[in-house]
Amino acid sequence: MRVVLVSHCHPETLHVCATRMREFSHALTKRGHEVILFTENLAGQPTDIFPDHAARAIQDHNFSTPLFLASEPKGYPLIKKLRAQTLPWGLRQAVVVWYYFQHFGVFTDWRTGSQLYITTIAEHFKPDIIWATFGNTDCWNIARDLARAAKCPWIADAKDPWETFIPAIFRNYLANCFSDSAAMTAFSQFHASDVQKYFGKQAAVLYSGFSVAQIAPSSTPNPDEITVSLTGAIYDQQALRQLIQGIRSWLMELPEEKRTNVCFIYAGQDSDEVATATADLLKICRIDIKRFIPFEELRKIHRHAIANIYIKCNRTFHHKTIEMLSAGRPLICYPQETEEAIEIARSTSVPLLSCDSPEQIPEALDQSLNIGQIGVEEDGGLKELTWESQASKLEEIFLNAMKQTNGEANA
């Protein structure tokens, strides 16, 4: 198949928003499909392939790897000011209302820039299907524009919850605007329920996972170097304070000779908040606060930790839950996880210790400290969560959508 994936985030973006479509583009390519990943250009940098060169780039590309095409936003200065939060109250709301009703999205500048590539992709690549992920509705607008030009079906993916990202007055209106998608996919059952509510469609769940190459034996905890990691966004300052309170209680219960060997590591975007919250722990254990770090460095931290902790946000399902399972060390979640995440963990050999009170956190850390190396190499549950396995499911969704569309066209 020739497939175009559409995502707002450039594949080199250092944020989880880029992960899903970048990794699926590679996984589909490995299954023998020709793939273009179309995004906005990397912030602050010109596009690598300008519109005049796109046809040649498609013709010359070796599709053993995905071709990344990125367009620069064009025009619409009010949209840029809206995102920069420089518009005054009142005008800001008016701009949002106008662009959602008139253009079905608030990234019209990116959609306008994308038009310079649409005809070229349709004529020179001749896609069989388009798959676009919702981080904003203009991903879907661009997918529809390209699908019409290429006369092929498009599929809508819900990477983010519709109810969280779309203002209430537009949710049903915009859902109706995108009712022509041949099928829908979703990031989780949580997201699929959101799709059912607003689109009235069943969405096939495709989890964002990890590479099969990442499944490797974790390290046996070293009593001379006890690492506890906290990863990702914080979401809730009260939950952070309660989590640190639980960690502090656990530390105080440890024998002094063990306590001095403990290092608490945080990696993520909220380093300032975590540094403030852990200030009192500096007298008890070592603290290592990081921001975004290379994936391999983060992976090494996860594989050597006694436990990998994250803070649950009730507004979504967490990709990091699945990704950290592959590290083969216990996960600790606070506040309590959803049944969906708990069931996923149960399908693997890696424990997920879901805590609904600060008092449960010391117990979870004690339990994790006493768990040795977890054998994950032949873990069927983990293999089911890999990009490779999920891409196989996506391939079937594509084939069914194409078959259905061709059947309707021939009817």
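The structure presented is a predicted model; accordingly, all values stated were derived computationally and were not measured.
Annotation: Tyr117 is not in aromatic contact with Phe125 [ring centroid separation under 6.0 Å not met]. Tyr207 has its ring centre less than 6.0 Å from the ring centre of Phe317.
Comment: Glu323 does not engage Arg299 in a salt bridge, judged by the lack of any side-chain N to carboxylate O separation of less than 4.0 angstrom. Ion pairing of Asp288 with Lys290 is present here, as a side-chain N (NZ or NE/NH1/NH2) and a carboxylate O approach within less than 4.0 Å. Salt bridge present: Glu384 and Lys393 bring a charged side-chain N and a carboxylate O closer than 4.0 Å. With salt bridges taken as basic N to acidic carboxylate O contacts below 4.0 Å, none links Arg248 and Asp280.
For the residue pair His33 and Glu395, a side-chain donor N or O sits within less than 3.5 Å of a side-chain acceptor on the partner. Ser181 and Lys201 share a donor-acceptor pair across their side chains, judged by distance under 3.5 Å alone.
Counting heavy-atom neighbours within 6.0 Å of Lys320 NZ, excluding the residue itself, gives a total above 12.
The SG atoms of Cys9 and Cys17 sit under 2.5 Å apart.
For the residue pair Tyr76 and Lys74, the shortest heavy atom distance occurs at CD1-O, 3.4 Å.
Judged by distance alone, the side chain of Glu23 and the main-chain N or O of Arg20 form no donor-acceptor pair under 3.5 Å. Side-chain atoms of Glu72 come within 3.5 Å of backbone N or O of Thr47 as a donor-acceptor pair. In this structure, Thr386 contributes its side chain and Leu382 its backbone to no donor-acceptor pair below 3.5 Å.
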Ring pair (Phe, Tyr, Trp, His ring centres under 6.0 Å) assessment of Tyr235 paired with His318 = CA-CA 12 Å; Tyr235 304 109; His318 293 289; 5.4 Å; yes
